[in-house]
Amino acid sequence: METLTLNPISIPPIIPSHLLSSATTIPQLKQIHARILRSGLDLTPSLLSRLLSLPLNPAAAPSLDYALSVLLRTPHPPSRLRCRAFRLLGPRRAIAAYARLRQDGVDFDRFDFPPLLRAAARAGEGEGGEAVVRETHGFVLKTGFVADPFVLTALVRGYAARGCVSDARAVFDRMPERDVVAWGVMLDGWCQSGCYSDALQLFEEMKSSDVAPDQVILATVLSACGRTGNLSSGKAIHSYILESGIAMDAHLQSSLINMYSNCGSMDIARKLFDEIPVKDLVASTAMVFGYAKIGEIETARAIFDEMPEKDLVCWSAMISGYSESDKPGEALKLFNEMQASGVRPDKITMLSVISACAHLGAIDQAKWIHVFIDKNMFHDVLMVRNALIDMYSKCGNLASAWRVFEGTPQKNVITWTSMITGLAMHGDGTSALALFERMKAEGVEPNGVTLVGLLYACSHTGLVAEGRQVFESMVHEYKVEPKLEHYGCMVDLLCRAKLLREAFELIESMPFHPNVIIWGSLLGGCRVHMDVELGEIAAKRILELDPDHDGAYVLLSNIYAKANKWDEVGRVRRLMKSRGVSKEKGCSWIEINGNVHEFLMGDESHPKSKEIYGKLEEIIQELVLVGYSPDTGSVLVDLEEEEKKEAVLLHSEKLALSFGLINSTRGSCIRIAKNLRVCEDCHSFMEFVSKVFDIEIVLRDRTRFHHYKNGVCSCKGFW
DNA sequence: AGAACAGAGG
């Protein structure tokens with residue numbers, strides 16, 4: 001690089017612009033600027049412009065700071081330079097520069113407002129963006145630019161971007177003339193704030209106005225339809241496009257595909273997608289997302305693999321697809337591939353990855369992801385922290401969840417809810433209720449999800465009176481209308497507390513149609529607390545809603561078996577067989593030294609199978625000495641009593657536990673995850689083992705965590 | 001010289 005020799009004699013009285021533009025570093029720039037000032041010349045607009053557009057690295061913040069200081073020291077910079085500077089400086093410094101210029105009494109003209117409002121719209125949280133919009137609005141009213149469409153459109157944009165949609169609408173409504181861009185800004189404003197139905201309504205208004213929608217408007221509105229799953233409006237807009245003869249550009253085509261994808265209409269989306277000669281990134285991503293959402297994850301993957309180049313968004317869509325389709329291992333694998341291909345994740349990617357870890361329940365993976373998050377500076381993002389709380393809870397590590405929670409300075413309602421729900425899953429309802437009180441004391445309003453967590457906590461801890469009280473106070477104290485899931489929690493609460501009849505009455509009296517989950521709670525309660533009559537009703541209702549619901553057959557036959565009604569057990573089994581329903585296989589996982597080992601019932605495929613069965617035999621012998629005897633009530637198949645004992649002793653969680661005991665020492669902790677609910681025999685087996693072998697066991701089943709320590713489980717029988 | 005759009009999450 002050429003070095004400038006700044007000999008005073010060689011500087012001509014007028015600085016040639018090529019000299020200025022040859023400066024590429026801050027010190028060179030400062031030297032030249034110093035010469036300019038010393039030579040007594042004013043910085044002419046052209047020189048200032050040159051200064052602001054120097055080919056310095058835009059990422060080099062000091063150069064922008066320097067440009068700013070020059071701008072501020074120039075008494076009356078022309079407005080077009082200010083505009084340029086505002087754009088270059090970025091939101092925060094643009095706002096600061098603007099405040100200084102105003103303080104210095106600089107006259108503003110109408111060209112200043114759009115860039116300023118743009119900065120205010122894009123400013124970060126706590127940088128006074130909204131205040132700038134309001135001030136500017138007042139200023140505009142005073143200075144008589146109220147009729148300028150550019151200024152007003154920028155104001156609408158500013159208000160909308162700060163979430164003040166009604167202010168945006170007020171400005172929009174008072175605009176003397178609204179062109180297509182003004183409509184676009186207002187429509188997008190509603191969408192950005194999640195008010196999609198307002199957006200659609202505004203679009204109807206627009207259609208009856210004298211301004212015709214263009215591609216941009218239609219893309220925005222189609223996106224609104226997609227996000228709300230409003231297929232009928234989406235189709236109407238599709239027809240409108242075809243009828244009005246608006247040119248179908250790539251943007252619009254992608255928007256249409258995305259709308260159909262989001263509404264789950266993959267047949268139509270596919271047809272449109274196949275018609276595109278060159279599949280672009282956005283359209284392909286929409287297809288990947290759509291197929292993943294309807295569970296056709298392999299089709300999604302096929303399209304993903306076909307994409308010639310992949311960006312952050314499509315990687316994230318595919319990762320999220322796996323994570324949401326209960327394929328957490330694939331999600332993590334893809335996350336590694338993404339990094340290997342050189343694409344850096346953002347916070348949205350991280351949310352899916354964290355969720356995958358939560359699904360997997362593997363604590364070592366979870367810790368690894370947490371380290372990754374710290375290293376890559378995502379740990380200050382609130383949503384990431386909230387997801388981490390959930391992840392640690394679901395991985396059975398409440399202590400780490402607490403650490404993340406307490407280390408979060410600005411907690412929002414989701415932060416509190418995640419922690420409350422975590423405590424609930426682990427059966428610590430008392431702490432959940434205490435945390436709820438703390439949350440209210442700190443002035444955070446609970447939402448519907450918080451109350452689900454709280455009711456869930458009461459239910460899983462047997463806090464009947466507290467649960468009833470929370471449910472009663474929902475409407476008048478917290479202004480939350482109970483939804484189906486709240487009733488579900490109450491049914492669960494009553495069932496676990498053996499109040500089966502009351503639970504049934506609640507189902508009958510609630511203002512919603514019960515779903516299979518609600519009837520499932522009742523059926524589960526009937527099995528635990530033995531009520532054949534109600535159990536039959538619940539099972540019947542489930543099978544009316546979903547004839548292939550394997551859980552209903554299994555639980556019902558368990559109830560009959562427990563009541564020694566073997567004819568009925570046989571009848572249920574034959575019914576299952578004739579309808580081609582099979583029981584979901586029990587499956588357990590255990591993580592040893594970062595590796596996940598999977599066991600099915602009676603599984604002999606593990607390389608150390610012999611050793612595992614030996615250990616199991618040894619455990620059983622020890623347990624029998626202290627009073628354990630196999631309880632066969634949960635065995636579905638009708639076998640001889642001895643065979644039933646065999647079957648129950650081969651449950652996957654017992655195999656996983658044996659393997660865990662081989663690989664751990666006294667006083668340590670074994671973590672097991674299971675796909676179904678733990679059976680009664682395994683539950684008491686775990687309790688015995690925790691005492692006899694002096695070991696802590698954390699078992700995650702389909703609905704909650706069980707912590708076994710010293711012969712007792714944290715669920716205290718409420719499961 | 002100045003104003004708008006589609007795909008990942010919530």
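Just so it is clear: chains get the letters A, B, ... in the order the sequence lines come, proteins before strands, and each one is counted from 1.
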TODO: May I ask you to decide if the ring planes of A/Phe203 and A/Tyr240 are parallel, tilted or perpendicular, using 30° and 60° as cut-offs?
DONE: perpendicular
Salt-bridge test for [X] and [Y]: reply yes if a basic N is under 4.0 Å from a carboxylate O, no otherwise.
X: A/Glu337; Y: A/Lys333; answer: no
X: A/Arg134; Y: A/Asp167; answer: yes
X: A/Glu324; Y: A/Lys293; answer: no

Indicate, with a heavy-atom threshold strictly under 4.0 Å, whether [X] touches base, sugar-phosphate, or nothing.
X: A/Arg178; answer: nothing
X: A/Phe289; answer: sugar-phosphate
X: A/Asp311; answer: base
X: A/Ser255; answer: sugar-phosphate
X: A/Leu187; answer: nothing
X: A/Arg110; answer: base
X: A/Val181; answer: base

TODO: Give me the first and last nucleotide of DNA chain B, going 5' to 3', that has any atom under 4.0 Å from a heavy atom of chain A.
DONE: B/dA1 to B/dG10
Task: Main-chain N/O of A/Gly448 paired to A/His486 side chain as donor or acceptor, under 3.5 Å - done: yes
Less than 3.5 Å apart, which donor and acceptor atoms pair up between the side chains of residues 304-316 of chain A and the rest of the protein, not counting sequence neighbours?
unit_1	atom_1	unit_2	atom_2	d
A/Asp305	OD1	A/Arg301	NE	3.0
A/Asp305	OD2	A/Arg301	NE	3.3
A/Lys310	NZ	A/Met307	O	3.3
A/Asp311	OD1	A/Val313	N	3.3
A/Asp311	OD1	A/Cys314	N	3.1
A/Ser316	OG	A/Leu312	O	2.8
A/Ser316	OG	A/Thr349	OG1	2.9

